[in-house]
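Down below is the structure, laid out as structure tokens.
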Amino acid sequence: MVPSLQSRRIAFIGGGNMASAIISGLLASLTPATNIVVAEPWDVNRGKLASLGVNTTTDNAAAAAGADVLILAVKPQVARTVCEELAAAWGRNAADAAAKLPVVVSVVAGVTLQSLVGWATTADGRAPHIVRVMPNTPALVGEGASGIFAGADVTDEEKAHVSTLMSSVSKATEWVDREELLDVVTGLSGSGPAYFFNMVEHLITSAVALGLPEEQAARLAKQTCLGAGKMLVTSAESPGQLRKNVTSPNGTTHAALETFKALNFEDIVDKAVKAATNRSLELAKQ
């Protein structure tokens, strides 16, 4: 059981892949399905979510009403419209000016805290506490890595709720103390899965060119990636030490690593992560 979310009403605005992954993680952690409501415009997505036992609707304001935690999981281009719609609903429904607004957890890529707060502020000047999360696609299989940044007004209790929420799909949940570091998280773990997919893709191509059947090459390359990843997260040794452990002097691995070194592999990785980070910064400004 997840005590901190057990009795909380959790609303999702948007029911796409990331929202579905978080919902599945919450249900696997025994958060009651009846505590979850999802606003999703597409019939197919809504039907899939309803089959999990959660409540569904097409009405964003209805989903948000009475929520303790609200996960904003929409496309960046509609984030402003959705936030302003919610702000208007909160303003209409708040006969009591002190009515508590939900803590908003945004998984919307590239939309800054300042923008979210501005859009979600009610006509009478109330704004929800907002947390930005940068998850990655392995969350879809419960193996995610997430970077999190909280607004200055977010309480310790609210942070605990967000940590619990994201731990349902993320094995690594890291809070950063500056919002711009979420762009670095994007360059590292947000885009990171594609780096490994690309590496495995080329390992397979190389092995096939050397004569190994493609099906065998694919199985061996995939398992090699999985096994190495498991060693990374279960071993107390650093990645550098693990690399040294498998590298015999003048052996096969040494020959391969010397080739990486000669071709400036370190510089390639550095430039790739920086390119992804800089692009995230550019998108945020837009």
Side-chain angles (χ1 to χ4, degrees), residues 16-29 48 52 107 109 133-148 165-174 184-277 279-280:
N17 285 337
M18 190 54 64
S20 296
I22 296 172
I23 290 167
S24 295
L26 288 171
L27 295 176
S29 300
K48 290 179 180 177
L52 298 176
V107 296
V133 177
M134 180 65 231
N136 65 1
T137 53
L140 300 175
V141 293
E143 295 287 348
S146 299
I148 312 180
L165 180 79
M166 295 312 301
S167 68
S168 68
V169 292
S170 292
K171 293 297 177 64
T173 302
E174 301 294 335
V184 182
V185 172
T186 300
L188 173 61
S189 57
S191 299
Y195 311 157
F196 291 95
F197 298 152
N198 197 31
M199 178 71 171
V200 171
E201 181 182 9
H202 290 308
L203 285 172
I204 294 169
T205 299
S206 180
V208 170
L210 292 169
L212 199 63
E214 184 172 358
E215 295 80 4
Q216 290 184 331
R219 285 193 294 269
L220 290 168
K222 290 175 183 179
Q223 183 57 41
T224 297
C225 186
L226 176 63
K230 189 168 184 179
M231 288 181 71
L232 279 168
V233 298
T234 59
S235 175
E237 295 182 314
S238 69
Q241 186 58 51
L242 289 171
R243 170 182 53 79
K244 292 175 183 177
N245 292 347
V246 76
T247 307
S248 301
N250 297 317
T252 58
T253 306
H254 180 264
L257 293 179
E258 284 297 300
T259 303
F260 282 164
K261 184 177 180 179
L263 295 174
N264 294 317
F265 182 68
E266 180 179 347
D267 189 50
I268 291 170
V269 173
D270 182 56
K271 287 180 177 178
V273 174
K274 286 179 178 176
T277 300
R279 182 55 180 157
S280 180

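Residue numbers run from 1 in the order of the sequence given.
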### Task
With rounding to the nearest 0.5 Å, note down the distance linking NZ in Lys274 to CG in Asp267.
8.0 Å
### For Lys244, salt bridge (Lys or Arg N to Asp or Glu O under 4.0 Å) partners two or more places apart
none
### Message
Nearest 0.5 Å, please: how far is NZ in Lys261 from OG1 in Thr259?
### Response
12.0 Å
#### Entry: Point-to-point distance, once rounded to the nearest 0.5 Å, from CG of Leu203 to CG of Leu220
11.0 Å
### Message
With a 4.5 Å cut-off on side-chain heavy atoms, are Glu174 and Ile148 touching?
### Response
no
### side-chain contact (heavy atoms from CB on, under 4.5 Å) partners for Val185, two or more places apart
Met134, Val176, Ser189
### Message
Taking side chain to side chain contact (heavy atoms under 4.5 Å, CB included) as the criterion, tell me which of Leu165, Val133, Leu140 meets it with Ile22.
### Response
Leu165
### Task
For Thr253, check side-chain contact (heavy atoms from CB on, under 4.5 Å) against everything at least two apart and list the hits.
Val246, Thr247, Leu257
### Message
By the side chain to side chain donor-acceptor pair (under 3.5 Å) test, which pairs, at least two apart or in different chains, include something from residues 201-220?
### Response
Asn198-His202
### Summary
Residue pairs meeting salt bridge (charged side-chain N to carboxylate O under 4.0 Å, His left out), one or both in residues 221-238, sequence neighbours left out, come to none
### Residue pairs passing the side chain to side chain donor-acceptor pair (under 3.5 Å) test where at least one lies in residues 134-145, sequence neighbours excluded
Glu143-Lys171
#### Entry: Check against side chain to side chain contact (heavy atoms under 4.5 Å, CB included), Val273 and Tyr195
CA-CA 10 Å; Val273 174; Tyr195 311 157; 4.2 Å; yes
### Message
Using the side-chain contact (heavy atoms from CB on, under 4.5 Å) criterion, which residues pair with Ser280? Sequence neighbours excluded.
### Response
Asp183, Thr186
### Summary
Sorted by chain and residue number, the side chain to side chain donor-acceptor pair (under 3.5 Å) partners of Gln241 (sequence neighbours excluded) come out as Asn245
### Query
Going from CG on Leu188 to OG1 on Thr277, what distance comes out if it is rounded to the nearest 0.5 angstrom?
8.0 Å
#### Entry: Ser24 to Leu52 - nearest heavy-atom pair and separation
OG-CD1, 4.3 Å
### Message
So which atom in Cys225 and which in Val200 form the shortest heavy-atom distance, rounded to 0.1 Å?
### Response
CB-CG2, 3.8 Å
### Summary
For Gly190 and Pro193, the nearest pair of non-hydrogen atoms, with its separation, is O-CD, 3.6 Å
#### Entry: Partners passing salt bridge (Lys or Arg N to Asp or Glu O under 4.0 Å) against Lys48 (at least two apart in sequence or in another chain)
none
## Note on the structure
Residues at least two apart in sequence or cross-chain that pass side-chain contact (heavy atoms from CB on, under 4.5 Å) with Ile268, listed by chain then number, are none
### Summary
Across all chains, not counting sequence neighbours, the side chain to side chain donor-acceptor pair (under 3.5 Å) partners of Arg243 are none
### Task
Just grab all the ring-ring contact (aromatic ring centres under 6.0 Å, His included) pairs involving residues 234-271, residues at least two apart or on different chains.
Phe260-Phe265
### Query
Do the side chain of Ser191 and the main chain of Gly187 share a donor and acceptor less than 3.5 angstrom apart?
no
### Query
Do you know the tightest heavy-atom contact between Ala139 and Ala21?
O-CB, 3.6 Å
### Query
What are the two closest heavy atoms between Ser146 and Ser170, and how far apart are they?
OG-OG, 2.6 Å
### Query
For the residue pair Ala218 and Ile204, what are the closest heavy atoms and their distance?
CA-CD1, 3.6 Å
